[in-house]
Amino acid sequence: MEITYLILAFTQSLAVSLGVGSSTLAVVNYIVAVRDNNMDQSERRLMGVVYTILRIAMIAILLTMVGQALLVYIATGTYALYPFILAAWTVVLVLFANAILMTIHRMPRFLGPALQAGSWYMLAVLYFFSTIGLVGLSYTQFFTMYLAIVIVAILAINGTLAYFKTKV
């Protein structure tokens, strides 16, 4: 069972990396595409590929988290939602909800890309914390950190958009 857990952890590491990288690329593509209020076909095609990669990363994250939860449950008979685990599941659920809402055009444009980027960056922070053993924070501390990352993403993305729109 330990090899299975290691494979899941390795796959999860790759998925977080893939998600963070493609999320960054998606935000940059989004800024370039909307700064002139005209998204051409090449921009649409590129964004389509990036969003496909993001979905692959999201599914890999979900599958590895479910796999890890099942392994823990099989080994112990329980699955405790410690604050760290609950924080990770919260970020993943927000990531999926945001992606669905963005796809059906129900998420405001000022919030959706920033929430997506902030969620991926928070997953990267959580994954880093897990590698250094910093998992003992409270859920409130994790959530406050998540909120701060999302606020920074909102300000950075929308500030960049506002700046570029003045230059067009």
Side-chain angles (χ1 to χ4, degrees), residues 7-70 84-131 139 142-168:
I7 291 169
L8 287 171
F10 178 73
T11 304
Q12 190 173 71
S13 174
L14 290 177
V16 170
S17 298
L18 184 64
V20 169
S22 57
S23 174
T24 302
L25 188 56
V27 168
V28 170
N29 287 339
Y30 171 75
I31 290 169
V32 169
V34 301
R35 76 178 181 182
D36 61 0
N37 289 322
N38 182 27
M39 189 180 307
D40 66 36
Q41 280 306 104
S42 64
E43 290 169 333
R44 282 188 197 282
R45 280 193 305 274
L46 185 57
M47 288 181 80
V49 171
V50 171
Y51 287 140
T52 298
I53 294 168
L54 274 171
R55 288 181 183 107
I56 290 168
M58 288 171 60
I59 291 182
I61 291 286
L62 182 63
L63 291 176
T64 58
M65 288 179 71
V66 168
Q68 289 170 334
L70 287 173
F84 179 84
I85 300 296
L86 189 57
W89 278 106
T90 299
V91 173
V92 169
L93 291 174
V94 169
L95 192 63
F96 272 84
N98 184 55
I100 291 166
L101 292 172
M102 285 176 66
T103 300
I104 63 173
H105 304 288
R106 295 286 183 247
M107 178 60 69
R109 286 181 119 186
F110 82 92
L111 181 59
L115 191 55
Q116 175 243 4
S119 295
W120 278 109
Y121 286 114
M122 184 62 187
L123 277 177
V125 168
L126 289 174
Y127 202 83
F128 170 70
F129 281 1
S130 74
T131 63
Y139 182 78
F142 284 121
F143 191 79
T144 302
M145 188 181 318
Y146 183 30
L147 190 59
I149 290 171
V150 169
I151 289 169
V152 168
I154 289 170
L155 294 173
I157 292 168
N158 290 299
T160 303
L161 271 174
Y163 173 78
F164 280 126
K165 283 189 175 190
T166 64
K167 298 294 180 191
V168 173

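All heavy atoms count here, side chains included; hydrogens, waters and symmetry mates do not.
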What is the minimum heavy-atom distance between [X] and [Y], and which atoms define it?
X	Y	result
Ala33	Met47	CB-SD, 4.1 Å
Phe142	Ala87	CB-CB, 3.6 Å
Ser119	Leu95	CB-CD1, 3.6 Å
Ser23	Ala117	OG-CA, 3.3 Å
Ser130	Phe84	CB-CZ, 3.7 Å

Could you go through Val150 and Met122, starting from their C-alpha distance and side-chain angles, then the distance that decides it, and tell me whether this counts as side chain to side chain contact (heavy atoms under 4.5 Å, CB included)? CA-CA 9 Å; Val150 169; Met122 184 62 187; over 6 Å; no
Is it true that a side-chain atom of Ser13 and a backbone atom of Ala9 form a donor plus acceptor pair closer than 3.5 Å? no
Per the side-chain contact (heavy atoms from CB on, under 4.5 Å) rule, which among Leu123, Ile61, Leu86 passes with Val91? Leu123
Across all chains, not counting sequence neighbours, the side chain to side chain donor-acceptor pair (under 3.5 Å) partners of Tyr121 are Thr24
By side chain to side chain donor-acceptor pair (under 3.5 Å), which residues pair with Gln68, not counting sequence neighbours? Gln12
Give, for atom [atom1] of [X] and atom [atom2] of [Y], the distance between the pair rounded to the nearest 0.5 Å.
X	Y	atom1	atom2	answer
Thr160	Arg35	OG1	CZ	11.5 Å
Ile7	Thr11	CD1	OG1	7.0 Å
Glu43	Tyr30	CD	OH	12.5 Å

Only counting residues at least two apart or in another chain, list the ones meeting ring pair (Phe, Tyr, Trp, His ring centres under 6.0 Å) with Tyr127. none
Which residues pass the ring pair (Phe, Tyr, Trp, His ring centres under 6.0 Å) test with Phe129, not counting sequence neighbours? none
Listing, residues 49-60 side-chain donor-acceptor contacts under 3.5 Å, not counting sequence neighbours, or none:
from, atom 1, to, atom 2, distance (Å)
Thr52, OG1, Gly48, O, 2.9

Fit a plane to each ring of Tyr146 and Phe143, take the angle between them on a 0 to 90° scale, and name the class: parallel (under 30°), tilted (30 to 60°) or perpendicular (over 60°). perpendicular
Result block: side-chain N/O donor-acceptor pairs under 3.5 angstrom for residues 97-115, not counting sequence neighbours:
from, atom 1, to, atom 2, distance (Å)
Asn98, ND2, Gly112, O, 3.0
Thr103, OG1, Ala99, O, 2.7

